[in-house]
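What's counted below: heavy atoms across the whole structure, side chains too, no hydrogens, waters or symmetry copies. Sequence lines set the chain letters: A, B, ... in the order given, protein chains first and strands last, and positions in each chain run from 1.
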Amino acid sequence: MSEPVRVRYAPSPTGLPHVGNIRTALFNWLFARHHGGRFIVRIEDTDVARKVEGAVGAILDSLRWLGLDWDEGPEVGGDYGPYFQSQRLERYRAVAQRLLDEGHAYLCYCSPERLEEMRAEQVRRKEPPGYDRRCRDLSPAEGIAGVVRFKTPQTGHTEFHDLIWGEVVFENSTLDDFVLLKSDGYPTYHLANIVDDHLMDISHVLRAEEWLSSTPRHILLYSAVGFEPPQFAHLPMILGDDRAKLSKRHGATAITDFRDDGYLPEALVNFLVLLGWSLDDKTEVLSSQELVRHFSLERVSKTAAVFNRQKLDWMNGLYLRNLQSHDLAGRAMPFLSSLLPPEAERSLDGDYVLQIAPLIQERARTLAEFAELAGFFFIDELVYDAGLLLGGGLSRETAAAALAAAREGLHALKAFDAASLEAVLRPLAAELGLKTGALFGLLRVAVTGRTAAPPLFQTMAVLGRDRCLGRIEAALERLGA
RNA sequence: GGCGCAUUCGUCUAGCGGUCCAGGACACCUCCCUCUCAAGGAGGAGAUCACCGGUUCGAAUCCGGUAUGCGCUACCA
């Protein structure tokens with residue numbers, strides 16, 4: 001890159017940041033880090049009506065959670081501030097005024113009602129909707145509030161080179177005179193965007209594909225104002241499994257939802273980057289450092305990607321399995337305390353959780369699932385159907401006898417560890433004339449309340465002698481023995 | 001309706017004129033391992049590369065058209 005790379009993530013605080021939105025942030029961040037440039041966060045709060053309280057905080061939290069640190073922006077400041085567009089209103093007005101003075105823009109006094117009628121009429125006549133330029137040649141009326149519209153050239157064409165899409169050409173005649181400054185004095189996205197990207201020395205604009213059609217307007221604006229436009233790169237969209245733009249009805253799509261559902265930020269980053277970017281024909285698992293090293297716009301695809309939850313789950317499980325036990329235990333702790341049933345022992349012992357972690361690790365795909373799978377470790381009174389105890393095809397009598405024998409065996413055991421447990425229980429199956437699977441299955445249900453659980457001996461060792469004996473006792477009662 | 005863009009297994013993708021009767025991953029199926037469930041290992045099935053023409057000795061790759069999809073078409077971003 002000949003010029004220093006300065007890219008920005010410019011969210012609008014109109015709600016919780018969603019997957020597609022954050023993927024844009026991720027690509028910007030990777031691009032900046034790869035080129036040793038600056039990653040800037042700018043809040044585009046120019047839509048007063050749609051502004052949502054707390055959205056800025058959620059956006060920043062999401063970035064932080066994913067490890068996308070910003071060099072300039074809210075909370076960290078920078079030389080190009082302020083980083084909230086609502087605090088930069090004079091700058092937009094100044095540019096709008098200049099455009100007005102130089103004949104590149106004009107005041108429009110059309111009422112919203114008239115515009116709406118006009119559009120309805122155009123749609124009815126199957127004409128392309130767009131402002132009819134009624135006010136274009138009016139002389140400015142003193143004292144009447146209006147909006148400022150851009151005087152879009154009506155002939156010729158506008159072309160630009162997109163780093164991902166290549167050459168793109170638009171006929172100017174298909175563009176209408178869009179609004180620059182609204183009647184409330186706030187700029188529209190188009191104005192604010194080009195003013196800030198210029199003032200903040202943005203070198204590359206990486207944004208979602210939905211902006212591609214707006215780019216000619218921006219190019220035209222840049223040239224009217226006399227600013228050098230940045231380079232553009234439009235990123236492919238992310239779709240739901242019905243191929244429609246990803247939204248709430250596709251389930252959890254806000255980044256904070258993924259955090260609350262127990263996904264790991266490093267897994268989500270890895271998964272998200274693969275939606276529209278690839279390294280080669282086989283590598284899929286990459287750390288943030290590797291992503292920074294390898295990221296390039298040349299390998300960004302042009303086709304929209306469907307968000308595949310199953311693959312995310314798989315990848316999250318993969319990252320979960322690669323965690324150190326103490327790390328996993330630490331991350332699982334908050335999920336345990338909020339997800340465990342109310343009857344669970346609420347004071348969570350760190351050492352106990354640390355022992356449990358390796359047993360659940362390769363069975364959970366999310367931290368929430370971890371809490372679910374580990375539930376029996378924390379509940380005193382297991383809840384399960386007594387029929388499960390006879391699931392192995394055992395008769396009531398046989399099962400009761402086996403449980404009683406196991407109880408005696410456990411009582412006599414010196415060391416209550418996995419090896420000792422196995423040393424006594426395996427022979428016990430033979431003594432009872434049972435298949436090991438039948439005995440172990442029975443004990444598994446008695447001790448965990450489930451037919452599927454981590455390996456029996458290790459599980460029992462972690463539970464401890466007292467808990468195991470108590471549960472076997474309870475199972476015997478359940479059998480009416 | 002207009003403009004723009006895209007189109008490779010169900011999904012994410014590799015492929016940038018011959019090495020591709022198309023490779024990897026998720027999901028699915030089978031087997032192995034095994035006290036269950038997982039994890040892991042080994043296999044399998046799954047794509048006439050949207051369709052139709054053209055260029056070329058040769059096309060998933062280049063060109064044109066068609067279809068479909070998506071985006072934009074707001075005093076929203």
Side-chain angles (χ1 to χ4, degrees), chain A residues 10-14 44-47 49-50 108 110-112 115-116 119 122-123 125-131 146-149 162 165 168-171 173-176 178-184 186-190 192-193 207-217 234 236-237 239 241 243-245 271 274-285 299 301-315 317-318 321 359-365 373 391-392 422 425-426 429 435-445 448 450-457:
Chain A
S12 176
T14 53
E44 308 219 326
D45 53 349
T46 56
D47 188 343
R50 291 203 310 152
C108 167
C110 293
S111 67
L115 293 174
E116 201 170 315
R119 253 189 301 275
Q122 286 166 333
V123 170
R125 291 212 300 252
K126 303 212 167 183
E127 284 171 9
Y131 182 57
V147 302
V148 176
R149 283 184 187 275
D162 186 283
W165 303 72
V168 185
V169 186
F170 284 83
E171 290 301 322
S173 58
T174 64
L175 271 23
D176 75 345
F178 54 97
V179 172
L180 298 173
L181 213 53
K182 305 181 232 178
S183 56
D184 62 1
Y186 275 71
T188 58
Y189 170 86
H190 306 297
N193 212 256
R207 61 191 358 172
E209 187 205 323
E210 58 197 285
W211 294 108
L212 192 64
S213 308
S214 298
T215 308
R217 294 176 228 278
H234 288 88
M237 312 248 309
L239 313 174
D241 49 18
R243 301 214 130 257
K245 201 169 165 179
F271 176 74
L274 260 18
L275 256 28
W277 179 87
S278 62
L279 175 61
D280 53 31
D281 60 342
K282 42 183 69 80
T283 315
E284 290 206 303
V285 181
R299 297 204 59 86
S301 95
K302 278 192 276 241
T303 56
V306 171
F307 187 87
N308 183 193
R309 191 63 173 235
Q310 282 183 317
K311 187 154 185 175
L312 204 214
D313 285 345
W314 164 78
M315 187 163 276
L318 190 73
R321 274 173 255 129
L359 297 182
I360 302 297
Q361 189 155 27
E362 63 189 32
R363 294 170 175 76
R365 284 169 306 180
L373 294 175
E422 179 159 17
L425 292 176
R426 213 172 265 285
K435 287 187 173 172
T436 51
L439 205 221
F440 298 165
L442 170 66
L443 285 171
R444 174 172 299 108
V445 173
T448 69
R450 304 174 181 221
T451 53
L456 223 215
F457 312 124

Set of ring pair (Phe, Tyr, Trp, His ring centres under 6.0 Å) partners for A:Trp211, sequence neighbours left out: A:Tyr189
Test salt bridge (Lys or Arg N to Asp or Glu O under 4.0 Å) applied to A:Arg125 - qualifying residues, sequence neighbours left out: A:Glu121, A:Glu127
A:Lys182 vs B:rC76: side-chain N/O to OP1/OP2 distance below 4.0 Å: yes
Those residues that, when tested against A:Thr215, pass side chain to side chain donor-acceptor pair (under 3.5 Å) (two or more places apart): A:Arg207, A:His234
Any A:Arg365 side-chain N or O less than 4.0 Å from OP1/OP2 of B:rA27: no
Per-nucleotide protein contact string for nucleotides 60-72 of chain B (B base, S sugar-phosphate only, - none; heavy atom under 4.0 Å): ----------SBS
Sugar-phosphate, base or nothing in reach of A:Pro187, heavy atoms under 4.0 Å: sugar-phosphate
Set of residues satisfying ring pair (Phe, Tyr, Trp, His ring centres under 6.0 Å) with respect to A:Phe170, sequence neighbours excluded: none
Atom pairs, N/O to N/O, protein against nucleotides 14-16 of chain B, distance under 3.5 Å?
unit_1	atom_1	unit_2	atom_2	d
B:rA14	OP1	A:Ser278	OG	3.0
B:rA14	O3'	A:Arg299	NH2	3.3
B:rG15	OP1	A:Arg299	NH1	3.1
B:rG15	OP1	A:Arg299	NH2	3.2

Residues which pass side chain to side chain donor-acceptor pair (under 3.5 Å) with A:Asp45, listed by chain and number, not counting sequence neighbours: A:Ser86
Set of side chain to side chain donor-acceptor pair (under 3.5 Å) partners for A:Arg119, sequence neighbours left out: none
Residues which pass salt bridge (Lys or Arg N to Asp or Glu O under 4.0 Å) with A:Glu210, listed by chain and number, not counting sequence neighbours: A:Lys245
Check: A:Val179 main-chain N/O paired with A:Thr188 side-chain donor or acceptor under 3.5 Å: yes
Ring pair (Phe, Tyr, Trp, His ring centres under 6.0 Å) against A:Phe178, all qualifying residues, sequence neighbours excluded: A:Phe150, A:His190
Toward the 5' end of RNA chain B, by each residue's nearest nucleotide, A:Thr303 or A:Gly130: A:Thr303
Short side-chain N/O contact to B:rC76 OP1/OP2 from A:Ser12, under 4.0 Å: no
All side chain to side chain donor-acceptor pair (under 3.5 Å) counterparts of A:Glu284, not counting sequence neighbours: A:Lys311
Sugar-phosphate or base contact per nucleotide [nucleotides 32-43 of chain B; S, B, -; heavy atom under 4.0 Å]: ---BBBBSS---
